[in-house]
Amino acid sequence: MIKELIKDRIYKSVSPLFEDIDFDLNHIDLDLTKNPMHGDFATNLALKFAKRISLKPMDLGNKISILLKNQNSDIFASVECINPGFINLKLKLSVFHDCLSNIFVERQYYGSGSKKNEKVLVEFVSANPTGLLHLGHLRNAAVGDSLARILEFDGYQTEKEYYINDYGNQIKLLGESLKIRIANILGDELEMPEDGYHGEYLKEIAQNFIDNNSSIDQAKDIELLSSYAKEKLLNEIKNDLQLIDVTFDNWFSETSEVHHTKLLEDTLKNLRDLNVTYEKDDAEWIKTSEHGDNDDWVIIKKNKLTTYFLNDIAYHRNKFSRGYSKIINVWGADHHSHVSRLNAAMKSLSFDNDKLQFVMIQFVRLLRDGQDISMSKRSGEYTTIRDLLAEVNKDVVRFIMVMRSSDSHFDFDLGRCLEDSDDNPVFYIQYANARISSILEKVNIHDYDLTKTKYLTNDKEISLIKKIISFKEVIEESSKTMSPHKISFYLQDLARDFHSYYKSVKILDENQSHLEARLILILVVKEILINGLKLLGASSPENM
RNA sequence: GCGCCAGUAGCUCAGCUGGAUAGAGCAACGGACUUCUAAUCCGUAGGUCGGGGGUUCGAAUCCCUCUUGGCGCGCCA
């Protein structure tokens with residue numbers, strides 16, 4: 001809002017200079033300055049356009065400065081053009097005060113985007129129900145869920161979906177593995193094959209099966225065993241997700257939604273009608289290479305069964321048919337090669353590919369005392385979410401998982417979070433909120449006089465207001481680039497500014513006007529901290 | 001061989017739709033608790049932004065190339 005105001009003023013003042021060239025509001029870059037010597041905001045307008053109107057940057061800059069200064073003395077305290085041509089703007093304090101007052105009125109809605117009337121689908125986790133969730137899924141869950149929350153806050157209607165791969169070889173193998181575990185318990189020394197599921201959890205499920213089924217004959221029916229194990233594991237997965245406050249709107253089952261409907265059949269017909277498939281080596285292929293992928297891929301195997309890829313095309317065809325304006329897939333980086341393949345397939349079905357977007361999640365390594373804790377799924381030795389949560393607070397886990405950009409892999413050192421809280425950004429942020437709560441407990445003001453904001457004049461107060469102002473942009477940016485980590489960085493900055501301010505002044509000032517002004521300021525900070533933490537899936541305790 | 005991601009301070013990472021003196025946390029060093037929660041604050045030190053070219057007023061950011069690391073390249077899912 002403040003930025004829009006300034007841009008608008010700049011545009012009105014300078015557009016006479018640019019009459020002969022293509023120039024509109026969007027050409028104006030305006031940024032908060034990093035260096036306080038450069039005022040509050042700066043624009044590179046003169047540098048950018050000098051050449052186009054045959055002037056030296058400094059000459060153009062000076063012209064612009066004069067215009068801005070003369071026509072906007074109500075908001076600018078000073079306007080200066082500095083070598084090589086930046087125009088630095090210093091605002092009157094009253095502009096910041098008004099801004100803060102407006103934000104105070106918005107309260108918990110500050111930063112949220114206007115309702116966009118657009119539906120967005122975020123599909124994430126989607127781990128096969130053949131094992132418990134581990135660390136890799138955890139990062140995916142945290143990022144996906146936060147992303148959905150951010151998009152919702154930014155004004156989108158968001159749906160969260162989990163695709164259940166409950167079809168095919170892995171599920172069959174799960175049943176076979178269970179059969180072996182049951183046999184083991186009953187005294188048969190059968191060996192688990194190399195590619196079976198070796199995890200301890202399957203032993204528990206086997207015991208469970210024996211306890212609940214009187215007839216051991218049932219233990220020979222692989223299909224029944226598969227389905228038994230799948231249901232159990234799916235429940236475990238749901239429980240684990242609940243532990244980190246991740247929930248889904250849709251649980252989309254491959255078996256019942258793709259295979260037991262006409263979806264697969266229709267999709268195949270659709271592809272064949274469009275003439276994008278062909279027969280080769282007794283299999284049926286799709287011409288993905290014609291739409292940007294490197295190769296063509298098999299969709300019907302020699303044995304006449306469909307491939308995972310065709311099932312996935314069908315699933316995404318279904319997603320497109322549901323009318324979303326954005327379809328976001330949060331995928332592990334090891335699936336990156338599927339991106340171009342799926343994109344190509346969707347393109348050949350004439351879907352608008354811009355709607356389909358991917359967030360790729362790089363690996364996270366879990367370290368304990370500098371040692372890498374391996375997470376091989378087959379060995380069953382991997383670190384599960386529940387193992388981790390037994391040691392680390394949920395808020396910490398969620399925060400750390402979204403603290404880094406998704407496309408960089410990072411190391412999560414367990415020891416550091418456990419030893420003490422010094423190295424813990426979550427507590428740092430939560431502590432800021434707790435401090436504010438503690439101050440608020442000591443006062444009893446219900447109606448704040450917003451004109452009192454004029455008593456906020458020191459540097460730390462103004463920079464705190466600037467930080468508050470930038471929250472809205474951070475949300476927009478985070479939503480647009482699908483990057484939850486931007487919020488975590490922002491919150492750390494905000495908390496730092498608050499802690500520093502807290503040390504520098506006594507908020508509970510004897511002077512009633514100063515007190516009220518400062519309370520307004522910290523109330524807004526509090527609101528943002530709570531909202532920001534909520535977007536990342538972390539809580540905001542009042543006491544610490 | 002092909003493709004995706006990454007290489008920034010001792011460590012873990014921001015910054016990447018080009019902008020001014022490249023940032024944060026941790027670790028190191030030195031300070032601050034009779035005062036609203038010290039889970040805090042203030043300060044010092046620490047960098048050829050992997051190497052080399054190019055584009056321009058201006059490059060960590062864009063282009064090319066080389067190099068190092070991670071991950072993929074199944075008629076598995």
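Given the structure is predicted, the values throughout are model-derived calculations rather than measurements. A, B, ... follow the sequence lines: proteins, then strands. Residue 1 opens every chain.
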- Query: Between A/S504 and B/rC42, does any side-chain N or O lie under 4.0 Å from OP1 or OP2?
  - Reply: no

- Query: Among B/rA38, B/rA77, B/rA20, which is the nearest nucleotide to the side chain of A/R341?
  - Reply: B/rA77

- Message: Measure CZ/A/F489 against P/B/rG23 and give the value in whole Å, please.
- Response: 15 Å

- Answer yes or no: does a side-chain N or O of A/Y428 lie under 4.0 Å from OP1 or OP2 of B/rC41? yes

- Message: With rounding to the closest Å, how many angstrom separate the P atoms on B/rG7 and B/rG50?
- Response: 7 Å

- Can you find a donor-acceptor N/O pair under 3.5 angstrom joining the side chain of A/N294 to the base of B/rG3? no

- Between the base of B/rA77 and the side chain of A/D166, is there a donor-acceptor distance below 3.5 Å? no

- Can you find a side chain N or O atom of A/K34 that sits less than 4.0 Å from OP1 or OP2 on B/rA20? yes

- Query: Considering only side-chain heavy atoms of A/E477, which listed nucleotide, B/rA14, B/rU17, B/rA39, is closest?
  - Reply: B/rU17

- Has A/K301 got a side-chain N or O lying under 4.0 Å from the OP1 or OP2 atom of B/rG74? no

- From B/rC71, B/rA39, B/rG19, pick the nucleotide closest to the side chain of A/F363? B/rC71

- Please determine, by modelled atom types, if A/K526 and A/S437 share a side-chain donor-acceptor pair under 3.5 angstrom. yes

- Message: I want to verify a distance call: between B/rU56, B/rC41, B/rC5, whose nearest atom is closest to the A/D407 side chain?
- Response: B/rC5

- Query: When you check the phosphate oxygens OP1 and OP2 of B/rC42, does a side-chain N or O of A/S500 lie under 4.0 Å from one of them?
  - Reply: yes

- Query: If you find the nucleotide of RNA chain B closest to A/H485 and the one closest to A/T307, which residue's nucleotide is nearer the 5' end?
  - Reply: A/H485

- Message: Ignoring hydrogens and geometry beyond distance, is a side-chain donor-acceptor pair present between A/T130 and A/N128 at under 3.5 Å?
- Response: no

- B/rA20 base stacked by A/H38? Criteria: ring centres under 5.5 Å, plane angle under 30°. yes

- Message: Please determine whether any donor N or O and acceptor N or O are separated by less than 3.5 Å between the side chain of A/R404 and the base of B/rU12.
- Response: yes

- Considering only heavy side-chain atoms of A/Y502, the closest of B/rG15, B/rA38, B/rU21 is B/rA38

- Closest to the side chain of A/Q170, out of B/rA20, B/rG15, B/rC76, is B/rC76

- Short side-chain donor-acceptor distance under 3.5 Å, A/D166 and A/S253: yes

- Is A/H338 side chain donor-acceptor paired with the B/rG72 base, going by distance under 3.5 Å alone? no

- Residue pair A/L47/A/A495 against RNA chain B: nearer the 5' end by closest nucleotide is A/L47

- Item | Non-hydrogen side-chain atoms of A/H338 and A/W331 separated by less than 4.5 Å | yes

- A/R496 side-chain N/O to B/rU40 phosphate OP1/OP2 under 4.0 Å: no

- Any cation-pi pair here, A/R435 with A/F498, using under 6.0 Å and within 45°? no

